[in-house]
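Following: one structure in structure tokens, then a few remarks.
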Number of protein chains: 2
Amino acid sequence: MPSTIEDFSQYLNKRQLKLTQGRKAVLQEIFLQPGHLEAEDLWRSLRRKKRRVSRATVYRTLDLLVDSGMVRKVDLGHGHSHYEKALLQAHHEHMVCLECGKVIEFSDKEMEGDLDKLCKKSGFEHTAHRFEIFGYCGECSKS
Amino acid sequence: MPSTIEDFSQYLNKRQLKLTQGRKAVLQEIFLQPGHLEAEDLWRSLRRKKRRVSRATVYRTLDLLVDSGMVRKVDLGHGHSHYEKALLQAHHEHMVCLECGKVIEFSDKEMEGDLDKLCKKSGFEHTAHRFEIFGYCGECSKS
DNA sequence: CTTCTTGCAAACCATTTGCATCATT
DNA sequence: AATGATGCAAATGGTTTGCAAGAAG
């Protein structure tokens, strides 16, 4: 939370936007969570504890956070978006178990290297990517 | 179209489903298209030419095709799904240009190898994956 | 003939938006 | 004060669904 709010504040200042209570709350909450969460969860969490913000504000703030690069919007194939902090945490991808819904996070250096080479080869300037693997986790593939 | 319909027919038979005109039309149309297309496009194409099917039928058939493994549902970050034939075509991934919207298809053997190794290492049974790279294509990164 | 499909329109659901009111700078 | 943010509820837009009427086996 320390430099995180600082970063967000700077981002907001640059575009003459204001650092409000609602925005602070959303930011704190998402950085409090260990993994990815959906907008609705975030809204419910906030409502349960400290601040009572509207869903609209949650979505609007999430957009800002994604745009600022501090939060990553991920699609785990549930028909709606999930969000996770992008800073202070190694870049990683997801393996989603289609049976139990478990999400395994992973990262792979070789793969990242391949990705970079690939983009260079195609003259493509890589700014982000989405990579999810679907299948069955160790538990579920046994059955 | 020859063995394609055959395959679909078999799939349907197995679950006591019927091979109807509407389903045939959707199948043919998606296999006629060179790349990915959205449900709405498919619906418009069909309506323009031969068969007049409802959007509901398009979506219902698409679900069946995806479930049968003949069609792949892809998310190009447009807020709605795209579909593309999975058979008779090399497996590939997408690079999406955030500026002009162009979609470059690619495939990379090394990467696929890494992916397989990775899944094995994690005891994860890989059935599908989604991989999209976002950024700027050669044209747009110049500016 | 029975069962499964279709079309239609209404329902859904996550997300967005218009607008009057409120908070931050 | 002035500008931007919020909440609300209504709008959106892709997708799903209930049901009566039609096709396929």
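Proteins come first, then strands; the chains are lettered A, B, ... in the order of their sequence lines, and each starts at number 1. The structure presented is a predicted model; accordingly, all values stated were derived computationally and were not measured.
Between B/Glu38 atom CD and D/dG13 atom C1' the separation is 12 Å, expressed in whole Å. Following rounding to the nearest Å, A/Arg23 (CZ) and D/dG7 (P) show an atom-to-atom distance of 11 Å. Counting to the nearest Å, the C1' atom of D/dA24 and the NZ atom of B/Lys24 are 11 Å from each other. Whole-Å rounding puts the A/Leu62 CG to D/dT6 C1' distance at 16 Å. Distance B/Leu12 CG to D/dG25 C1': 13 Å, rounded to the nearest Å. Separating the CG atom of A/Leu37 from the P atom of C/dA14 is a distance of 14 Å, rounded to the nearest angstrom. Between the P atom of D/dT15 and the NE2 atom of B/His80 lies a distance of 7 Å, rounded to the nearest Å.
Across all strands shown, B/Gln16 has heavy atoms under 4.0 Å from sugar-phosphate atoms exclusively, and none from any base. If you check every strand for non-hydrogen atoms under 4.0 Å, B/Arg52 touches sugar and phosphate atoms only.
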Using a 4.0 Å heavy-atom cut-off to protein, can you give one letter per nucleotide of nucleotides 17-25 of chain C, 5' to 3': B if the base is in contact, S if only the sugar-phosphate is, - if neither?
BB----BBS
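Under 3.5 Å, the side chains of A/His94 and A/Glu84 contain a donor-acceptor pair of N or O atoms. There is no side-chain donor-acceptor pair under 3.5 Å between A/Glu6 and A/Gln10.
With D/dT15, C/dG7, D/dG7 as the choices, the nucleotide that has an atom nearest any side-chain atom of B/Arg55 turns out to be D/dT15.
Remark on DNA chain D: of its neighbouring residues B/Asn13 and A/Leu64, the 5'-side contact belongs to A/Leu64, judged by nearest-heavy-atom nucleotide.
The bend of the helix from C/dC1-D/dG25 to C/dT25-D/dA1, defined by the angle between the axes of its first five and last five pairs, stands at 30° to the nearest 10°.
The shortest distance between the side-chain N/O atoms of B/Ser81 and the OP1/OP2 oxygens of D/dG14 is not below 4.0 Å. Side-chain nitrogen and oxygen atoms of B/Tyr59 include at least one within less than 4.0 Å of the OP1 or OP2 phosphate oxygen of D/dT15. An OP1 or OP2 oxygen of C/dG7 is reached within less than 4.0 angstrom by a side-chain nitrogen or oxygen of B/Thr57.
Heavy atoms from other residues, nucleotides or ligands lying under 6.0 Å from NZ of B/Lys49 number more than 12.
Put simply, the residue from B/Leu19, B/Leu65, B/Leu64 that forms a side chain to side chain contact (heavy atoms under 4.5 Å, CB included) with B/Tyr11 is B/Leu64.
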